[in-house]
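Heads up: the structure comes next, in structure tokens.
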Amino acid sequence: MATGRTLTVGMVGYSFMGRAHSNAWRQAPRFFDLPADIRLKTICGRNPEAVRKAAVDLGWETAATDWRALIDDPEIDIIDVVTPNDTHRDICVAAAAAGKAILCEKPLALDVAECEEMLAAARKGRVVHMVCHNYRRIPAMALAKQMIERGELGDRIYHYRARYAQDWIADPEFPLVWRLQSKIAGSGAHGDINAHIIDLGRYLVGEFREVCATMETFVKERPVSPGSKKTGKVTVDDAVTSIGRFKNGALANLEASRFAQGRKNSITLEINGSAGSLAFDFEEMNRLRYYDAREPEDRRGFRDILVTEARHPYIENWWPPGHLIGYEHTFVHTVADFVRAVVAGKSVQPTFDDGLRNQRVLEAMSTSAQTRQWVKI
Ligand code: SOE
């Protein structure tokens, strides 16, 4: 849409999430009728050669090596933070003080204290702030939310059961990357992927009341770099499993592991309510399985909803029915909703407050794993 308004973006980081977000910034204005055009001005990273290459590969005008230059650039309206977790707080607090809208990757920060500081800074700076829990914007998840809100699972939810399973570090020879170091990552599978299924629980079911968790680090030493004989200590969890209770009385059962051999990025969840159930498998992300307990008994059964109709969330911007979408589209949906909120000066979820609430659940689970006690949120 020719709008005359342009929002200029500066992004800090350029690896996996940098690629996913760059694609989203480029595609959102092409596929969504947005109230502003998007200018990919500056991408920032510590390694000059790597970030210059990323600028060319990912379509950014310029490359920088100091994120403060983006904060100080009066042309930049939006700061997109896709860096390791230990840098989120400093970048977001500075961006908020400079009056820039902020999109920050999950987890929002290393701990609750940092999240509280970031939320306060965003509120003080009166800037739009969003944490990138992109899985909320899988059309099937957005449809699930609509169905639950319409009461199609009934007036009570009994169970939220979710598992996020990967296997990228199951090889003990996999090196000690930043995600395996608590001073940079904060936690392991817990803050990285358990954070996602906690967010989906908050989005679909409601707020957590109390949790009980256990964690394990299966491989405690790893090569400091690929093939190195020198090893370093793994200081984060490899897997976390937990039970919990939501404020609305529903029970939670969550598992997040990076040692689920054969599971590459598997997210499965099931929600059981008084009038029906929903089941979802990210490996079939265009489908939502629905069981309606109010159907005549001889016809009851889980059925597949192929979430590719124009009336389904976000789909009208893409393809005709049956032509599927993928992981990258969830970031395009996130960016499109964020841009609309920035232009309107309105809040868009999940906000930094959602990020803080997520962190509170994460920390309660970590405390529970240490104390072997139930912990209230
Ligand atoms: C690694 O576990 C990771 O890249 C996560 O950090 C992302 O949030 C997830 O979408 C894919 O896996």
Side-chain angles (χ1 to χ4, degrees), residues 11-24 45 54 58 80-88 103-110 115 130-142 162-171 174-182 184-203 215 217-219 222 234 236-241 254-269 280-285 325-335 338 350 354-355 358-359 361-362:
M11 184 170 76
V12 190
Y14 56 88
S15 304
F16 176 10
M17 284 300 117
R19 295 176 65 232
H21 284 226
S22 299
N23 176 65
L58 302 176
D80 184 7
V81 183
V82 291
T83 52
N85 308 338
D86 63 331
T87 60
H88 291 184
L103 175 60
C104 183
E105 263 296 327
K106 42 49 63 182
L108 185 58
L110 294 177
C115 289
M130 187 181 198
V131 56
C132 187
H133 279 293
N134 55 299
Y135 293 120
R136 288 188 181 207
R137 290 178 164 81
I138 298 169
M141 291 292 90
R163 184 189 76 165
Y164 198 147
Q166 297 176 337
D167 68 0
W168 59 282
I169 59 166
D171 178 355
F174 189 94
L176 194 69
V177 295
W178 71 264
R179 287 190 186 284
L180 306 180
Q181 302 171 43
S182 59
I184 303 174
S187 60
H190 190 41
D192 185 26
I193 53 178
N194 207 28
H196 275 304
I197 52 178
I198 289 168
D199 180 70
L200 287 172
R202 290 193 55 249
Y203 174 60
M215 297 184 176
T217 303
F218 297 116
V219 173
R222 289 182 179 270
V234 175
V236 297
D237 59 283
D238 289 330
V240 47
T241 189
L254 287 77
E255 182 190 4
S257 177
R258 290 169 164 166
F259 276 70
Q261 293 275 25
R263 298 299 182 189
K264 302 307 172 183
N265 194 55
S266 170
I267 305 168
T268 53
L269 64 88
F280 174 75
D281 180 343
F282 181 66
E283 291 176 1
E284 295 275 328
M285 69 172 274
I325 64 167
Y327 176 70
E328 73 278 16
H329 296 83
T330 68
F331 292 92
V332 180
H333 302 162
T334 300
V335 161
F338 179 67
D354 291 295
N358 190 291
Q359 198 75 36
V361 178
L362 288 170

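Atoms within a ligand are numbered from 1 in the order they appear, just like the ligands themselves. In this chain, numbering begins with 1 at the start of the sequence shown. The model shown is predicted, which means the values in this text are computed figures rather than measured ones. Hydrogens, waters and symmetry mates are skipped; everything else that's a heavy atom, side chains included, is used.
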Original post:
Can you check whether Tyr135 has an N/O within less than 3.5 Å of an N/O in ligand 1?
Top reply: yes

Original post:
Does a donor on one side chain and an acceptor on the other come within less than 3.5 Å for Asp80 and His21?
Top reply: yes

Original post:
Which ligand 1 atoms does Asn265 reach within 4.0 Å, using its non-hydrogen atoms?
Top reply: 11 (C), 12 (O)

Original post:
Atoms of ligand 1 less than 4.0 Å from Phe16 heavy atoms?
Top reply: 4 (O)

Subject >> Tyr327 N/O to ligand 1 N/O under 3.5 Å >> reply: yes

**OP:** Can you pull out the closest protein heavy atom to atom 12 (O) of ligand 1? Residue, atom name and distance to 0.1 Å, please.
**Re:** Gln166 NE2, 3.2 Å

Original post:
For ligand 1, is there an atom lying under 4.0 Å from some heavy atom of Phe282?
Top reply: no

**OP:** Just do the side-chain contact (heavy atoms from CB on, under 4.5 Å) check on Leu362 and His190 with the steps written out, would you?
**Re:** CA-CA 7 Å; Leu362 288 170; His190 190 41; 3.6 Å; yes

**OP:** Compare every heavy atom of Val131 with every heavy atom of Glu105, then report the nearest pair and how far apart it is.
**Re:** O-CG2, 4.0 Å

**OP:** For the pair Arg258 and Asp167, find out whether any cationic side-chain nitrogen is under 4.0 Å from an anionic carboxylate oxygen.
**Re:** no

**OP:** Answer yes when Lys106 and Asp199 have at least one side-chain N-carboxylate O distance shorter than 4.0 Å, and no when they do not.
**Re:** no

Subject >> Donor-acceptor contact present, side-chain Thr217 to main-chain Val236, <3.5 Å >> reply: yes

Subject >> Flag, side chain of Asp238 to backbone of Val219, donor-acceptor distance under 3.5 Å >> reply: yes

**OP:** Number the atoms of ligand 1 from 1 as they appear, then name those within less than 4.0 Å of a heavy atom of His196, with their elements.
**Re:** 7 (C), 8 (O), 9 (C), 10 (O)

**OP:** Using distance alone, decide if ligand 1 has a nitrogen or oxygen within less than 3.5 Å of any nitrogen or oxygen in Arg258.
**Re:** no

Original post:
If hydrogens are left out, which of Asp192, Asn85, Ile193, Ile267 has an atom nearest to atom 6 (O) of ligand 1, that is, the closest non-hydrogen atom?
Top reply: Asp192

